[in-house]
A.B. asks: 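This structure is in structure tokens; I'll ask about it shortly.
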Amino acid sequence: MCGRYALDAPRSRLSWRFALDEGDDENKDSEDDKLLARYNIAPMSDVPVIRQSPAGRRVLHRLRWGLLPHWATEPAIGARLINARGESLAAKPAFRDAFRRRRCLLPASGFYEWQALTATTGAARKQPFYISLVSGETMAFAGLWESWTAPGGDVVRSCCIVTTAANERLRAGPRADAADPCRRALASLAERAGGAGRVADPPVCRSRIAALAGE
DNA sequence: CCAGACGTTGTT
DNA sequence: GTCTGG
DNA sequence: CCAGACGTTGTT
DNA sequence: GTCTGG
């Protein structure tokens, strides 16, 4: 599953990595800088998404994470449709249409998974892990998207992330080695977030994730 | 038939 | 404990 | 995913 | 809009 992730990549890198076609007017979004430098991306926020135009152009667009099917009655519906299981989405009413006609990619530097700690104290704590490619390269999630029109007429473009069985090739856990690419990437993200280019994210999450980076 | 959901995860 | 909102 | 709410009455 | 549960 994926409920939080990070993206820290300039447009030029995404353009190269995913062979984007430049020139689309939507490509020039004044908030791009904020969208492309985040280490704690949460559902219901706007995220950069790569879509293919009818003419076949690959373009970076900004959509809300949390799918709003065409039959949705209120935007809050999207809060529960942040992931779609790859094994079943073709048959699910919430995802079927989007799966047939509206697929996309969500570029990411890495993503977070939380593991429950069976601490001796009764307190149920969770340990976050940051997962990224060993190469350090930008990755992308498979995604679906929708365009939803609110009763009032406002249009909301939304998306969700396709999930699948855990990848067996994942390394068996973070190394103590400070040179571990995953740790280096997270440390870099945490440092960036604490510096001048800080992004607006919940302080509690920030400290927890920063704590992970520090160990 | 109508009403209500429409999704995922992880778990003693 | 469980749901909602972000 | 996490954080935070979780409820009712009556009212200029 | 379409499926599921009652």
Side-chain angles (χ1 to χ4, degrees), chain A residues 1-8 31 34-35 38-49 62-103 106-132 139 141-151 154-167 170 182 186 189-190 193 198-213:
Chain A
M1 176 181 183
C2 180
R4 298 256 174 169
Y5 68 99
L7 176 61
D8 183 24
E31 297 191 38
K34 290 179 182 175
L35 286 182
R38 292 194 286 162
Y39 75 104
N40 190 14
I41 300 173
M44 299 300 274
S45 63
D46 286 351
V47 295
V49 170
R62 159 184 156 156
L63 284 74
R64 182 187 303 174
W65 181 16
L67 199 75
L68 285 170
H70 63 94
W71 42 257
T73 54
E74 51 175 4
I77 297 286
R80 281 171 298 172
L81 300 177
I82 64 173
N83 292 139
R85 292 194 54 166
E87 297 87 343
S88 59
L89 50 67
K92 297 283 186 182
F95 303 126
R96 194 175 45 198
D97 293 346
F99 174 62
R100 282 198 296 143
R101 301 171 51 87
R102 291 180 291 278
R103 304 179 186 184
L106 290 86
S109 298
F111 62 99
Y112 302 98
E113 293 288 349
W114 279 259
Q115 189 174 50
L117 294 176
T118 51
T120 52
T121 62
R125 296 198 60 247
K126 283 189 171 183
Q127 173 70 59
F129 290 90
Y130 179 72
I131 299 156
S132 59
M139 64 174 89
F141 305 119
L144 309 175
W145 65 271
E146 287 275 5
S147 187
W148 177 73
T149 304
D154 293 343
V155 173
V156 179
R157 299 182 303 181
S158 62
C159 62
C160 68
I161 292 174
V162 175
T163 64
T164 188
N167 187 336
L170 273 180
C182 172
L186 184 54
L189 287 170
R198 93 168 24 224
V199 293
D201 276 317
V204 175
C205 289
R206 180 182 298 127
S207 61
R208 280 191 188 172
I209 292 168
L212 172 64

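Since the structure is predicted, the reported quantities are computational estimates derived from the model, not experimental observations. Reminder, nothing fancy here: chain letters follow the sequence lines and each chain counts from 1.
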A.B. asks: Within the structure shown, what part of the strands sits under 4.0 Å from Tyr5(A) by heavy-atom distance: base, sugar-phosphate, or nothing?
C.D. replies: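 It contacts nothing in the nucleic acid.
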A.B. asks: Do the charged groups of Glu146(A) and Arg157(A) touch, with an N to O distance under 4.0 Å?
C.D. replies: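 Salt bridge flag = no for Arg157(A) with Glu146(A).
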A.B. asks: Please report the distance, rounded to the nearest Å, between CD in Glu74(A) and P in dA5(B).
C.D. replies: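 Rounded to the whole Å, the gap is 11 Å.
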A.B. asks: Could you run down the sub-3.5 Å N/O contacts of the protein with nucleotides 3-6 of chain E?
C.D. replies:
none

A.B. asks: Calculate, to the nearest 0.5 Å, the distance between atoms NE2 and OG belonging to His70(A) and Ser147(A) respectively.
C.D. replies: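 Going from the NE2 atom of His70(A) to the OG atom of Ser147(A) covers 12.5 Å.
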A.B. asks: Just to be sure I understand the geometry, which residues of residues 76-83 of chain A put a non-hydrogen atom under 4.0 Å away from DNA chain B?
C.D. replies: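 Under 4.0 Å from DNA chain B: Arg80(A), Leu81(A), Asn83(A).
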A.B. asks: Which heavy atom of Asp46(A) sits nearest a heavy atom of Leu35(A), and at what distance?
C.D. replies: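 Looks like O-CD2, 3.3 Å.
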A.B. asks: Are Trp71(A) and dT2(E) stacked, counting the six-membered base ring, centres under 5.5 Å, planes under 30°?
C.D. replies: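 By the stated criterion, Trp71(A) and dT2(E) do not stack.
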A.B. asks: So, is the end of the Arg103(A) side chain (NZ or CZ) under 6.0 Å from the ring centre of Phe99(A) and within 45° of the ring's axis?
C.D. replies: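 So Arg103(A) does make the cation-pi contact.
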A.B. asks: Run through DNA chain C and report every stem of 3 or more consecutive Watson-Crick or G-U pairs, distances under 3.5 Å, ordered by first number.
C.D. replies: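 Result, WC/G-U stems under 3.5 Å: C:1-6 with D:1-6.
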A.B. asks: Return the 5'-most residue of the pair Ala94(A), Glu113(A) with respect to DNA chain B, ranking by each residue's nearest nucleotide.
C.D. replies: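 Residue closer to the 5' terminus by nearest nucleotide: Ala94(A).
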A.B. asks: Are OP1 or OP2 of dT9(B) and a side-chain N or O of Thr163(A) less than 4.0 angstrom apart?
C.D. replies: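 Answer is yes, contact under 4.0 Å.
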A.B. asks: Apply ring pair (Phe, Tyr, Trp, His ring centres under 6.0 Å) to residues Phe111(A) and Phe141(A) and explain how you reach the verdict.
C.D. replies: CA-CA 10 Å; Phe111(A) 62 99; Phe141(A) 305 119; 5.8 Å; yes
A.B. asks: Nearest-Å distance, CD1 (Ile41(A)) to P (dC2(D))?
C.D. replies: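 My rounded result for the distance is 16 Å.
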A.B. asks: Phosphate oxygens OP1/OP2 of dC6(B): is one of them under 4.0 Å from a side-chain N or O of Thr73(A)?
C.D. replies: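 Indeed not, no polar side-chain atom of Thr73(A) lies that close.
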A.B. asks: Hey, does Arg4(A) have a side-chain heavy atom less than 4.5 Å from the side chain of Ile41(A)?
C.D. replies: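 No; the side chains remain at least 4.5 Å from each other.
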